Each structure stands twice: as structure tokens, then as C-alpha cells.
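Each chain gets a letter, A, B and so on, in the order the sequences are listed, and its residues count up from 1. Computed from a prediction, not measured in an experiment: that's the story for all the values here.
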Protein chains: 2
Amino acid sequence: MSSVAGSDDRTAAARIRDAAIALFGELGTDKATIRGVAAAAGVSPALVLHHFGSKEGLRAACDEYVVAEYRRSKQDAVESGTTDPFAALAGVEKSLSHLRYLSRAIRDGSPAASRLFDEMVAESKRVMQLSVAKGLLRPSEAPHDRAVLMVAWQFGGLVLHEHVARGMGAEPFSTELTARIARAALEVLTHGVFTDARYADAWQATDRSGDDHTAMEPNEEDRP
Amino acid sequence: MSSVAGSDDRTAAARIRDAAIALFGELGTDKATIRGVAAAAGVSPALVLHHFGSKEGLRAACDEYVVAEYRRSKQDAVESGTTDPFAALAGVEKSLSHLRYLSRAIRDGSPAASRLFDEMVAESKRVMQLSVAKGLLRPSEAPHDRAVLMVAWQFGGLVLHEHVARGMGAEPFSTELTARIARAALEVLTHGVFTDARYADAWQATDRSGDDHTAMEPNEEDRP
DNA sequence: CCTGCGACTGAACTCATGTTCAATATACTA
DNA sequence: TAGTATATTGAACATGAGTTCAGTCGCAGG
């Protein structure tokens with residue numbers, strides 16, 4: 001309810017940026033053309049270059065903007081008091097185009113998206129440490145790896161949202177879909193899926209690369 | 001140890017296909033050019049079109065081939081007796097280029113990859129039902145959703161492997177990385193991450209869209 | 001008034017890339 | 001040996017798209 005206000009009182013650069021976010025997210029940075037962005041923003045193709053230098057510059061600007069927005073909204077959600085890692089995912093229904101863009105950016109491996117991933121790993125790790133101390137989360141034998149995995153799963157749900165939606169027979173980004181994902185995820189993350197620890201024990205027993213890779217986790221500090 | 005045999009006794013079409021799989025996987029279907037594929041295969045660009053009709057035809061051929069290979073290797077793994085859904089992920093270290101290609105295909109949303117996703121959901125669901133009956137897996141309140149989610153997580157680990165590798169400080173597709181992923185995943189999937197069910201219960205209590213979406217799961221049959 | 005500066009545009013340029021086509025080499029058949 | 005089909009190629013074609021550029025419009029300041 002914030003970005004796509006109907007009025008065109010935004011500055012031309014902002015209109016271009018928003019149109020680019022929408023088009024890049026919908027078609028990908030390759031298929032989306034400068035001419036298409038310009039047409040969607042109601043300006044000439046040359047103006048796009050005038051403001052952003054190049055297509056890559058435009059992409060970088062969109063990256064910065066969307067990631068900053070996402071970071072901000074997530075920060076708000078965190079400061080609202082929720083501590084579970086899925087609150088963020090559930091709370092970001094606000095802007096479809098931004099989500100779509102983010103999904104694309106992660107898929108395409110843009111630098112900003114990679115930075116975001118790393119940041120979220122660090123923050124997830126920190127929050128998880130706190131939650132473990134509070135007794136809300138089980139301690140892990142490999143806290144860093146677990147944090148990476150959980151962020152990857154969270155982002156994976158975003159990147160593969162189209163497939164997940166199709167698989168569940170629900171509309172992409174619909175509240176019903178996010179609710180069902182959250183429900184299934186909570187179930188698995190609360191109770192696990194296995195009835196006993198035979199698989200985990202069996203894996204443990206194979207002792208591949210030993211028990212020492214718990215100690216070889218990189219960057220133990222929280223801020224990079 | 002199978003696909004990239006050093007000798008060039010493969011037929012030209014096979015060489016082109018393999019080069020295309022490698023390049024498409026590395027650069028994406030857009031950035032990879034027919035000329036690049038031809039050069040990598042040691043043939044002329046025109047021959048690529050002669051054999052595959054068009055770039056889209058080449059992509060379709062690669063899709064079919066890689067997906068069929070993946071399906072076959074997974075079938076083998078399943079018939080070997082393992083029933084947990086992560087055996088497949090751990091067992092497919094055989095061909096890097098195929099994995100990379102598959103990752104790309106899923107990211108780009110190619111039809112073949114989507115079909116593969118749906119197949120794996122169906123199969124995962126079937127295997128999970130069996131495992132539940134055997135007492136190996138916990139019964140779920142939403143078996144279909146759980147199957148979709150687990151497949152999405154599995155594929156998510158594949159699609160985001162680059163980020164996961166960077167986050168864990170390990171080489172992409174290395175045995176160390178897959179081992180650590182499997183270990184962390186097994187831990188989470190065995191014990192969960194939460195110490196109690198307060199989050200799951202809280203979510204349950206909000207009762208959004210009710211308890212009935214367990215019954216609205218689509219296509220209950222296993223073969224689509 | 002006019003001078004400069006930023007927003008903005010239309011048209012042209014350049015280049016990469018998918019594709020076509022006529023021509024040649026190779027292999028298999030009669 | 002002749003002939004035909006298949007494999008293969010070099011060169012050219014067409015087009016889409018990023019980028020450049022000269023120039024116009026509007027406006028603030030001297």
C-alpha cells in the first residue's frame with residue numbers, strides 16, 4: 001500500500017526505477033529492455049540512460065533500493081518483537097513487485113542480493129543464538145551451518161514460489177499460500193519429520209569429515 | 001566420472017549437447033550464445049542449428065536429456081533401498097555440469113524443470129506416505145503441503161547452492177559442502193529447531209483459513 | 001535579455017546474435 | 001563409378017537492443 005500509488009507525481013527517475021523494478025522482476029534483467037522500461041515509465045529510452053548511465057547502472061540502483069527497502073521492513077518486523085525467522089517471510093506481503101524483484105535478483109546472483117543473503121545469515125545466526133539462550137530454540141551441533149540452511153530454505157521458498165504455488169494449487173504470493181507454507185514449515189521445524197534419530201545417528205556414525213567441521217565454521221562474529 | 005570423458009569420439013550432436021549443457025548451466029540460456037556453444041564443441045554455429053533447429057530446440061533437447069538423466073539416477077538411488085528424501089541430493093555428485101544445468105533450469109522456470117518439480121512432489125509424497133506407514137516419518141496435518149515444502153527446500157538448496165557454499169565457506173558442489181548440508185538438514189528434520197510447540201500452537205490458534213485447507217489439497221493421485 | 005544548466009527527446013549508430021543459404025566434404029548405397 | 005543423402009561450413013542477412021549525440025524546452029540567475 002505504499003509504492004504503487006496511482007498518481008504520477010513521482011519524479012521521472014523514481015517512475016523509471018519503479019517501472020524497472022516491476023519489469024526486471026517480471027521478465028528478468030535480460031528479457032526486460034530499456035525501451036520497455038521507458039515505455040512503462042512514460043519517458044524516452046534516452047532519459048533512462050541519462051539518469052542511470054547504463055542498464056547495469058539501472059539494475060544496480062534497483063538492487064540498492066529494493067534491498068534497502070527489504071532490509072528496512074525486516075528491521076521493523078524484528079523490532080516489533082517477533083523472534084522466529086518466518087515472521088519476516090509472512091510479513092512482507094506489502095509489495096509484490098519488490099518481492100518478485102528480490103526473487104529474480106537472488107536467482108540471477110546479483111551482488112546486492114548476495115550481500116543480503118549473507119546479512120540475513122549473520123542476523124539469523126545472532127537471533128538464533130539469542131533464542132537458544134532464551135530456551136526457545138534447540139542448540140545445534142553446527143549453529144552456523146544451521147543458520148545458513150534455514151536462510152537458504154527461506155530464500156528458496158521465495159525463489160521457487162512459482163513452483164510451490166503450482167504444487168500447492170494456490171495463487172503465488174497469496175495470503176493463503178504464505179499461510180500454508182508457514183503452517184507446514186512450523187510443523188516440520190517444531191516436530192521434525194522423522195519419528196526417531198536413526199537417520200541422524202546413521203549419518204553421524206559414517207563420521208564423514210569427522211565431528212570437527214563444527215569448529216571450522218567461518219566468521220564467528222556477527223557483523224561482517 | 002561419466003559425461004566428460006576426454007576423448008572426442010562422441011558424435012557431433014552429443015558434443016554440442018554436452019557443451020550446451022555446460023554453457024547454459026554456467027552462463028544461463030540468455031548469456032550463452034550459439035557461437036559459444038559451437039566453439040566449445042569444436043563445430044561451426046550453423047551445425048548447431050542444423051542438428052537442433054533453433055536455440056530453443058537446443059535448450060529443449062538439453063532439458064530432456066538432463067532431466068531424464070537426473071530422473072534415472074534418482075530412480076536408481078530409490079531402488080537401492082534408501083527411503084529418506086535427502087539420499088538423492090547426496091548421491092548426485094556425479095555430474096557437476098548436469099547439476100548446474102538443473103539449477104539454472106529451475107531458476108529459469110523451464111517447462112521440463114517444472115515437470116520435474118511436480119514429479120518429485122508426487123514421488124516425495126508417495127515415499128512419505130509409505131514411510132509414515134512404516135513408522136519412520138511423523139504423520140503430518142497437511143501431507144501434501146509438507147511434501148511440496150520439502151521438495152522446495154531440497155531444490156532451494158540446489159538453486160541457491162552458490163550462496164550456501166559462500167555462506168558455509170565451502171567449495172560449491174564439494175563433498176564437504178553436501179555433507180555439512182545433509183548433516184544440518186538431518187539435525188533440523190530429526191529434532192526440529194524449536195524447543196516446544198508454542199509457535200506452532202500459536203499459529204494454529206490464529207486459525208487463519210481454518211483447519212480445512214488440509215482437505216483442499218489438489219491432485220490426490222500420484223501420477224499426473 | 002541572455003546565458004547556462006539540467007531535463008528530455010528523436011534519430012541514428014554499433015554491435016552481438018539468432019538464423020538462413022548456397023556450397024563443399026564425407027559416407028553410404030546401387 | 002555414379003549418385004544421393006547426410007554432415008559440415010563460411011558468409012551473409014536481419015533484427016533487437018544498448019548506447020551516443022545533437023538538439024529542444026524550461027527555468028534560474030546575472
Side-chain angles (χ1 to χ4, degrees), chain A residues 5 7-66 101 104-105 107-112, chain B residues 5 7-66 101 104-105 107-112:
Chain A
S7 56
D8 47 357
D9 56 350
R10 294 168 293 170
T11 176
R15 255 182 300 142
I16 293 172
R17 186 204 55 210
D18 290 349
I21 289 172
L23 273 186
F24 283 166
E26 187 180 351
L27 305 173
T29 32
D30 295 316
K31 298 281 179 62
T33 75
I34 286 188
R35 285 173 172 83
V37 170
V43 299
S44 74
L47 190 62
V48 178
L49 282 311
H50 172 73
H51 280 300
F52 296 94
S54 67
K55 192 184 188 182
E56 178 56 34
L58 177 59
R59 196 186 79 129
C62 292
D63 269 16
E64 287 308 316
Y65 183 72
V66 172
Y101 182 89
R104 276 284 180 194
R107 272 182 285 181
D108 299 351
S110 86
Chain B
S7 57
D8 48 356
D9 56 349
R10 293 167 294 170
T11 175
R15 255 180 302 140
I16 293 171
R17 186 203 54 211
D18 290 348
I21 289 171
L23 272 186
F24 284 167
E26 186 180 351
L27 305 173
T29 31
D30 295 314
K31 297 281 180 63
T33 75
I34 287 189
R35 284 173 173 83
V37 170
V43 299
S44 74
L47 190 61
V48 178
L49 282 311
H50 172 72
H51 280 300
F52 297 94
S54 66
K55 191 185 187 182
E56 177 55 33
L58 177 60
R59 196 187 79 128
C62 292
D63 269 16
E64 286 309 316
Y65 183 72
V66 171
Y101 182 91
R104 272 290 176 190
R107 272 181 284 179
D108 299 351
S110 87

Nearest-Å distance, [atom1] ([X]) to [atom2] ([N])?
{"X": "B:I34", "N": "C:dG18", "atom1": "CD1", "atom2": "P", "value": "5 Å"}
{"X": "A:I16", "N": "C:dA7", "atom1": "CD1", "atom2": "P", "value": "11 Å"}
{"X": "B:L47", "N": "C:dT24", "atom1": "CG", "atom2": "C1'", "value": "14 Å"}
{"X": "A:K31", "N": "D:dG18", "atom1": "NZ", "atom2": "C1'", "value": "17 Å"}
{"X": "B:K55", "N": "C:dA16", "atom1": "NZ", "atom2": "C1'", "value": "11 Å"}
{"X": "B:L49", "N": "C:dT20", "atom1": "CG", "atom2": "C1'", "value": "9 Å"}
{"X": "A:R15", "N": "C:dA7", "atom1": "CZ", "atom2": "P", "value": "13 Å"}
{"X": "B:F52", "N": "C:dT19", "atom1": "CZ", "atom2": "P", "value": "14 Å"}

Which residue lies more 5' along DNA chain D, comparing A:A46 with B:A46 via nearest heavy atoms: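 The residue mapped nearer the 5' terminus is B:A46.
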So what does B:A32 touch, heavy atoms closer than 4.0 Å: a base, only the sugar-phosphate, or nothing? sugar-phosphate
When we call it a touch if two heavy atoms are under 4.0 Å apart, what does A:S44 touch: a base, just sugar-phosphate, or nothing?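 A:S44: base contact, heavy atoms under 4.0 Å.
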Under 3.5 Å donor-acceptor pair, A:R35 side-chain atoms to D:dG18 base atoms: yes
So which heavy atom on [X] is nearest to which on [Y], and how close?
{"X": "B:A12", "Y": "B:L47", "result": "CB-CD2, 4.2 Å"}
{"X": "B:L49", "Y": "B:S54", "result": "CD1-CA, 3.4 Å"}
{"X": "B:A32", "Y": "B:L23", "result": "CB-O, 3.9 Å"}

Phosphate oxygens OP1/OP2 of D:dT6: is one of them under 4.0 Å from a side-chain N or O of B:H51? no
Does OP1 or OP2 of C:dC8 have a side-chain N or O of A:H50 closer than 4.0 Å? no
Please tell me if the side chains of A:L58 and A:I16 come closer than 4.5 Å, counting only heavy atoms from C-beta onward.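 A side-chain contact exists here, since the closest heavy-atom pair is under 4.5 Å.
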Please check: side-chain N/O of A:R104 versus main-chain N/O of A:E26, any donor-acceptor pairing under 3.5 Å? yes
